[in-house]
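First up is the structure itself, then whatever we jot down about it.
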Amino acid sequence: MAFKDQEKIREKYPEWPQYDEEDIKAVSDVVKSGKWWIGAPAVHIGENGWKFQEEFGEMQESKYTFACTNGTHAIEIALSALDIGLGDEVICPVTSFVATASAIVATNAVPIFCDVHPETFNIDHRKIEELITERTKAIVPVHLGGMPCQMDEIVKIAEKHNLRVVEDSAHSHGSRFKGKRLGNWGDVGTFSMQASKVLTSGEGGCVICNDDDVADAIYSYLDAGRKPGEYFYDHYVYGSNYRIPELCAALLRTQLKKFPAQHKKRNENGPYLRDILDEIDGITCQKRSNDVDECGYYVFPVKFDPDKFGGITKKEFYQYLNDHGIPTDDDYPPMHQLGLFKNVKLKKGIDYSNANWGGLKSDDKFWPVAVDVFNHSFEFPQELLLGTKPQMDFIAETIRNLQKERL
Ligand SMILES: Cc1ncc(COP(=O)(O)O)c(C=O)c1O
């Protein structure tokens with residue numbers, strides 16, 4: 001393809017976030033109303049926070065939905081509501097954004113890292129049981145890029161060992177696995193509405209669950225230990241302030257209206273792009289099994305075999321794609337490599353000596369799959385999947401050209 005056409009395509013790759021007059025009006029209406037605060041049930045102030053909870057809950061098919069400040073806090077709230085705390089071990093994938101593990105640290109528990117699956121890049125459920133000790137209390141699977149973890153198997157393991165499950169669904173708005181929306185497989189599901197996510201208000205989060213007692217605990221924890229229906233200045237248990245700002249809730253409501261069409265488009269382009277890329281020798285896309293009904297597609301991870309591209313490095317791969325107008329994202333480094341875990345720069349007074357990371361235990365050899373995936377993969381951002389079929393074809397064509405040039 002001629003350079004001029006590439007430029008044209010580059011201009012056309014969609015941007016994120018996307019907004020229109022309806023979003024601007026929703027935010028400006030809140031400003032003009034003077035009701036800038038969602039309040040508590042006893043002092044119901046802004047409407048948007050409460051309505052967004054209903055609307056998002058309806059989409060996610062959960063009995064209870066609580067909007068909150070962000071996706072990191074959503075995990076902290078979930079773990080705290082499930083009574084996970086001091087000295088408890090919580091198993092999570094070694095590959096995720098740091099928030100998955102730092103939220104565990106925030107509750108004074110200890111994250112235990114599990115290697116990932118070579119095809120889905122999600123937590124490898126076959127390796128969870130070997131990490132369970134008498135201190136293990138919960139599993140936090142992460143649906144990377146919205147691609148469902150093997151939740152039926154993970155729930156079986158949790159039931160067998162009496163563990164709680166918090167699904168970090170920060171990437172999984174709208175994902176469905178074996179007929180059930182993600183976030184409803186475990187005890188609690190958590191979402192992020194940070195700026196790059198498929199549903200966003202810049203910052204924001206959500207916690208969903210289906211159990212009455214867990215719902216009560218979640219509400220109290222995120223609203224200063226209050227109880228719904230009770231006196232505003234009575235605080236029954238320890239809690240903090242994780243309430244969503246009303247301005248964010250207003251924006252989330254108008255963004256939510258646009259979500260179904262965007263989600264549909266990503267679920268058309270995602271499998272299409274995977275099929276055309278998987279045909280290229282040396283390229284493997286994240287696996288989407290037949291049990292996946294819908295995928296959030298927050299990111300689209302792609303793994304390459306350097307030998308099939310003349311020994312190319314990840315940086316060179318990125319550079320080539322970017323030079324041809326194709327946006328890319330870096331994927332998450334495995335967390336055992338991060339300074340805070342490697343050098344145990346964590347919380348005062350907590351015993352991390354049983355963790356399977358830190359110092360010599362942070363050696364790459366203990367997480368061979370995650371290290372291989374990180375070294376030989378990149379991601380496309382979700383907004384790329386809002387593009388046209390010719391734009392998807394252009395990605396495959398560009399990678400084929402790269403291969404020809406390198407071999
Ligand atoms: C897997 C995962 N969990 C949790 C979070 C934290 O969400 P937030 O940035 O809204 O705090 C993120 C954010 O990118 C994430 O990717």
Side-chain angles (χ1 to χ4, degrees), residues 16-17 52 56 65-80 84 90-107 109 111 113-114 116-117 120-123 138-149 151 154 165-175 182-183 185-186 188-208 222 240-245 247-249 251-252 255 286 295-301 329-335 338 340-341 370 373-374 377-383:
W16 194 259
F52 172 68
F56 188 67
T65 305
F66 302 94
C68 66
T69 34
N70 58 56
T72 310
H73 287 165
I75 305 168
E76 286 176 35
I77 294 164
L79 292 169
S80 302
I84 308 297
V90 178
I91 298 170
C92 68
V94 71
T95 301
S96 183
F97 181 59
V98 67
T100 307
S102 66
I104 297 169
V105 171
T107 66
F113 296 144
C114 184
V116 297
H117 192 281
T120 63
F121 316 146
N122 278 331
I123 191 167
I139 308 170
V140 181
V142 178
H143 309 294
L144 191 78
M147 196 59 80
C149 296
M151 285 314 298
I154 292 173
V165 177
V166 172
E167 292 176 70
D168 181 346
S169 307
H171 302 181
S172 329
H173 318 60
S175 291
L182 296 187
W185 282 86
V188 184
T190 64
F191 294 82
S192 164
M193 279 73 171
Q194 171 269 338
S196 59
K197 300 299 187 299
V198 292
L199 177 67
T200 182
S201 50
E203 298 281 7
C206 237
V207 186
I208 66 171
L222 78 73
S240 189
N241 173 10
Y242 297 99
R243 291 182 304 265
I244 191 158
L247 284 158
C248 288
L251 191 51
L252 283 171
Q255 286 285 307
Q286 183 185 33
C295 178
Y297 283 117
Y298 167 54
V299 288
F300 186 99
D329 265 345
D330 202 355
D331 35 11
Y332 305 123
M335 292 189 282
L338 304 180
L340 80 167
F341 295 114
V373 171
F374 177 64
S377 66
F378 55 84
E379 297 174 347
F380 294 122
Q382 53 98 357
E383 60 269 25

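Ligands are counted one by one from 1 in listed order, and the atoms in each one are counted from 1 as well. Reckoned from all heavy atoms, side chains included, excluding hydrogens, waters and symmetry mates. Keep in mind it's a predicted model, so treat the numbers as computed, not measured.
- A parallel orientation is assigned to the rings of Phe52 and Phe56, their planes being inclined by less than 30° (bins at 30° and 60°).
- Nearest heavy-atom pair across Thr200 and Leu251 is O-CG, 4.5 Å.
- Looking at every heavy atom in both residues, Ile123 comes nearest to Cys92 through CD1-C, 3.9 Å.
- Between Thr190 and Phe66, the closest side-chain pair of non-hydrogen atoms is not below 4.5 Å.
- Among the atoms of Ser192, some N or O lies under 3.5 angstrom from an N or O of ligand 1.
- The main-chain N or O of Gly296 is found under 3.5 Å from a side-chain atom of Ser175 such that the two form a donor-acceptor pair.
- Close to ligand 1: Lys197, with a non-hydrogen atom less than 4.0 angstrom away.
- Among protein heavy atoms, atom 3 (N) of ligand 1 sits closest to Asp168 OD2, 2.7 Å.
- The closest approach between a heavy atom of Ser96 and any atom of ligand 1 is below 4.0 Å.
- Between the choices Thr200, Thr72, Val142, the shortest heavy-atom distance to atom 6 (C) of ligand 1 belongs to Thr72.
- Every atom of ligand 1 with a heavy atom of Gln194 under 4.0 Å away is listed here by number and element: 9 (O), 10 (O).
- Looking at Tyr332 against ligand 1, only its side chain comes within 4.0 Å, counting heavy atoms.
- In this structure, atom 5 (C) of ligand 1 lies nearest to the protein heavy atom Ala99 CB, 3.7 Å.
- Ligand 1 places these atoms under 4.0 Å from at least one heavy atom of Asn70: 10 (O), 11 (O).
- When all heavy atoms of Pro93 and Phe113 are compared, the closest pair comes out as O-CD2, 4.3 Å.
- For the pair Val90 and Thr107, the minimum side-chain heavy-atom distance is 4.5 Å or more.
- Polar contact with ligand 1: absent for Glu203 (N/O pair, distance under 3.5 Å).
- Of all protein heavy atoms, the one closest to atom 16 (O) of ligand 1 is His171 NE2, 2.7 Å.
- Interface atoms of ligand 1 facing Gly71, defined by a heavy-atom separation under 4.0 Å, are 6 (C), 7 (O), 8 (P), 10 (O), 11 (O).
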Kindly indicate, with the supporting measurements, whether the criterion side chain to side chain donor-acceptor pair (under 3.5 Å) is fulfilled by Ser196 and Gln194.
CA-CA 6 Å; Ser196 59; Gln194 171 269 338; 2.8 Å; yes
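- The distance criterion of under 3.5 Å between nitrogen or oxygen atoms is not met by Tyr298 with respect to ligand 1.
- For ligand 1, the atoms sitting less than 4.0 Å from at least one non-hydrogen atom of Thr100 are 1 (C), 3 (N), numbered in the order shown with element in parentheses.
- The aromatic rings of His171 and Tyr298 lie tilted to each other, with the angle between the two planes from 30° to 60°.
- Considering every non-hydrogen atom in both Ala101 and Phe341, the closest pair reads CB-CZ, 3.5 Å.
- Phe97 CD2, 3.5 Å is the protein heavy atom nearest to atom 12 (C) of ligand 1.
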